[in-house]
Colleague: 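Provided herewith is a single structure, encoded as structure tokens, for subsequent inquiry.
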Amino acid sequence: MFSLVRSRVRTAAFALTAVAALAFGGTATTGAAAAPAPAPAPAKQGPTSVAYVEVNNNSMQNVGKYTLANGGGNVFDVAVVFAANINYDTGTKAAYLHFNENVQRVLDNAATEIRPLQQKGIKVVLSVLGNHQGAGFANFPSQRAASAFAKTLSDTVAKYGLDGIDFDDEYADYGNNGTGQPNDSSFVHLVTALRANMPDKIISLYNIGPAASRLSYGGVDISSKFDYAWNPYYGSWQVPGVALPKSKLSPAAVEIGRTSQSTAANLARRTVSEGYGVYLTYNLDGANRSADVSAFTRELYGRDAVYTP
């Protein structure tokens with residue numbers, strides 16, 4: 001077994017502005033988001049394809065530039081904005097949701113960055129990631145604190161007309177700034193409250209970190225509250241240890257432009273042959289990646305990918 005090295009670039013380590021500040025009892029400012037036009041019915045058959053986009057460097061619009069040949073529909077079904085952050089306010093001793101300038105730009109320009117994707121039938125989800133400040137999904141000190149952060153997340157989804165939230169428990173650096181270590185109740189309370197707040201939106205799990213191994217507490221198991229869970233190690237096959245049906249799991253994970261086309265094809269072929277319903281990709285950029293994308297779409301959908309600038 002070779003050693004897996006993840007090249008995923010963390011987001012917002014140097015961001016200067018924070019939004020949606022949250023004391024334990026606070027909430028994010030809400031606002032009315034323009035409802036996207038009704039999405040057309042998907043024209044393809046096969047696994048759900050997911051594309052993470054590093055918005056520090058790339059546009060969300062890239063996700064909508066790939067279709068399957070001969071009228072086969074969108075290549076990608078879910079686009080993930082990577083990434084907002086969970087930060088820590090040492091004054092209030094509370095976690096808060098933070099957007100760097102690039103994430104904020106995407107949200108502020110939803111009309112050009114998000115709505116066109118949704119109008120094509122592509123769901124747009126906001127990923128939330130740790131930021132070395134000690135705040136994470138696994139160390140809320142109380143149910144009240146976890147529920148307050150869940151309210152901020154659901155308010156953000158409503159404000160910007162998003163389709164859901166993705167949890168990525170990396171780079172939290174639990175213990176920094178006097179914060180607590182991971183506890184068993186925190187993530188359960190957070191996801192339970194978020195699902196109650198947005199019953200019809202996507203909640204996905206990037207299956208890594210302390211939160212991912214703490215999915216049950218006090219007789220409550222939150223596995224079924226996720227719509228999707230995926231393998232976090234690009235270029236590999238690893239079934240997420242989450243009690244979801246195969247249709248909601250992605251054991252395959254590829255980094256577009258870095259995972260070889262042969263590996264991407266093999267992982268896609270295995271996804272289909274073993275009956276899994278999701279295929280995860282990361283780092284879709286602005287170049288014409290139709291050759292890399294076609295390597296897996298041929299196996300998933302029986303068609304090449306077409307890039308339209």
Side-chain angles (χ1 to χ4, degrees), residues 6 8-30 54-56 80-107 125-157 159-160 162 164-194 197-198 203-215 217 222 232:
R6 296 182 64 244
R8 179 176 245 210
V9 179
R10 67 179 181 271
T11 256
F14 304 106
L16 300 177
T17 53
V19 299
L22 171 65
F24 285 160
T27 62
T29 301
T30 58
E54 287 265 12
V55 298
N56 280 350
V80 185
V81 180
F82 188 75
N85 292 98
I86 178 171
N87 277 12
Y88 189 71
D89 187 319
T90 56
T92 62
K93 299 190 183 302
Y96 64 93
L97 184 62
H98 171 90
F99 307 144
N100 77 358
E101 61 184 4
N102 297 303
V103 174
Q104 188 68 66
R105 173 185 48 77
V106 170
L107 298 176
V125 172
L126 178 66
S127 186
V128 185
L129 177 72
N131 200 19
H132 307 283
Q133 298 186 9
F137 313 125
N139 70 341
F140 286 104
S142 67
Q143 183 173 3
R144 181 185 178 198
S147 296
F149 193 76
K151 181 67 162 55
T152 293
L153 294 176
S154 57
D155 283 351
T156 298
V157 167
K159 177 176 181 177
Y160 295 106
L162 299 167
I165 292 292
D166 174 65
F167 288 110
D168 183 351
D169 191 17
E170 300 180 276
Y171 311 119
D173 290 356
Y174 290 102
N176 278 2
N177 291 314
T179 58
Q181 291 300 312
N183 62 66
D184 291 338
S185 64
S186 177
F187 196 44
V188 172
H189 290 322
L190 175 61
V191 175
T192 299
L194 184 61
N197 292 348
M198 44 183 228
I203 303 177
S204 58
L205 178 65
Y206 194 79
N207 190 45
I208 198 168
S213 63
R214 291 168 167 82
L215 302 183
Y217 175 77
I222 57 172

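All residue numbers in this chain count up from 1 along the given sequence.
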Colleague: Is the closest side-chain heavy-atom distance between Y206 and S127 below 4.5 Å?
Modeller: no
Colleague: With no hydrogens and no angle check, is any side-chain donor or acceptor of N85 less than 3.5 Å from a backbone partner on L129?
Modeller: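 Checked: pair present.
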Colleague: Taking C-beta and beyond as the side chain, do Y160 and V106 meet within less than 4.5 Å on heavy atoms?
Modeller: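 In short, these two side chains do not touch, never coming nearer than 4.5 Å.
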Colleague: Can you see which heavy atom on H189 is nearest to which on A146, and at what distance?
Modeller: CB-CB, 3.7 Å
Colleague: What residue pairs, at least two apart or across chains, pass salt bridge (Lys or Arg N to Asp or Glu O under 4.0 Å) with a residue in residues 178-188?
Modeller: D184-R214
Colleague: Ignoring hydrogens, what is the shortest heavy-atom contact between A150 and A193? Give both atom names and the distance.
Modeller: CB-CB, 3.7 Å
Colleague: Heavy-atom distance under 4.5 Å between the side chains of L126 and V157, does that happen here?
Modeller: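 No; the side chains remain at least 4.5 Å from each other.
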Colleague: Can any side-chain N or O of N139 pair as donor or acceptor with the backbone N or O of G134 at less than 3.5 Å?
Modeller: yes
Colleague: What are the two closest non-hydrogen atoms of E170 and D168, and how far apart are they?
Modeller: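 Reported closest heavy-atom pair: OE1-OD1, 2.7 Å.
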Colleague: Of all the heavy-atom pairs spanning P141 and A145, show the shortest one and how long it is.
Modeller: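 Shortest heavy-atom separation between P141 and A145 comes out as CD-CB, 4.0 Å.
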Colleague: What is the distance from atom CD1 of I208 to atom CZ of F167, rounded to the nearest 0.5 Å?
Modeller: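 If we round to the nearest 0.5 Å, I208:CD1 and F167:CZ are 16.0 Å apart.
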Colleague: Donor-acceptor pair, S154 side chain versus L194 backbone, under 3.5 Å?
Modeller: no
Colleague: Without swapping roles, check the side chain of N87 against the backbone of H98 for a donor-acceptor pair under 3.5 Å.
Modeller: no
Colleague: Are L205 and F187 side-chain neighbours, meaning at least one heavy-atom pair lies under 4.5 Å?
Modeller: yes
Colleague: Any side-chain heavy atom of Y217 within less than 4.5 Å of one from T192?
Modeller: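 Y217 does not reach T192 side chain to side chain.
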Colleague: Check whether any side-chain heavy atom of L162 sits under 4.5 Å from a side-chain heavy atom of L107, and report yes or no.
Modeller: yes
Colleague: Could you tell me the separation between the CZ atom of F99 and the CD atom of Q104, rounded to the nearest 0.5 Å?
Modeller: 6.0 Å
Colleague: If you look at every heavy atom in A135 and T179, which pair is closest and at what distance?
Modeller: N-CG2, 4.4 Å
Colleague: Looking at A95 and Y88, what are the two nearest heavy atoms and their distance?
Modeller: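 Smallest interatomic distance, heavy atoms only, reads N-CD1, 4.1 Å.
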Colleague: State, yes or no, whether a side-chain contact exists between L190 and F149 at a heavy-atom distance under 4.5 Å.
Modeller: yes
Colleague: Among all residues two or more places apart in sequence or in another chain, which pass the side chain to side chain contact (heavy atoms under 4.5 Å, CB included) test with N176?
Modeller: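 N176: side chain to side chain contact (heavy atoms under 4.5 Å, CB included) contacts with D173.
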Colleague: Taking the inter-plane angle between the rings of H132 and Y171 on a 0 to 90° scale, is it parallel (under 30°), tilted (30 to 60°) or perpendicular (over 60°)?
Modeller: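 The rings of H132 and Y171 sit tilted, inter-plane angle from 30° to 60°.
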Colleague: Is it true that the side chains of N183 and S185 contain a donor and an acceptor less than 3.5 Å apart?
Modeller: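 A pair is found: one side chain offers a donor N or O, the other an acceptor, under 3.5 Å apart.
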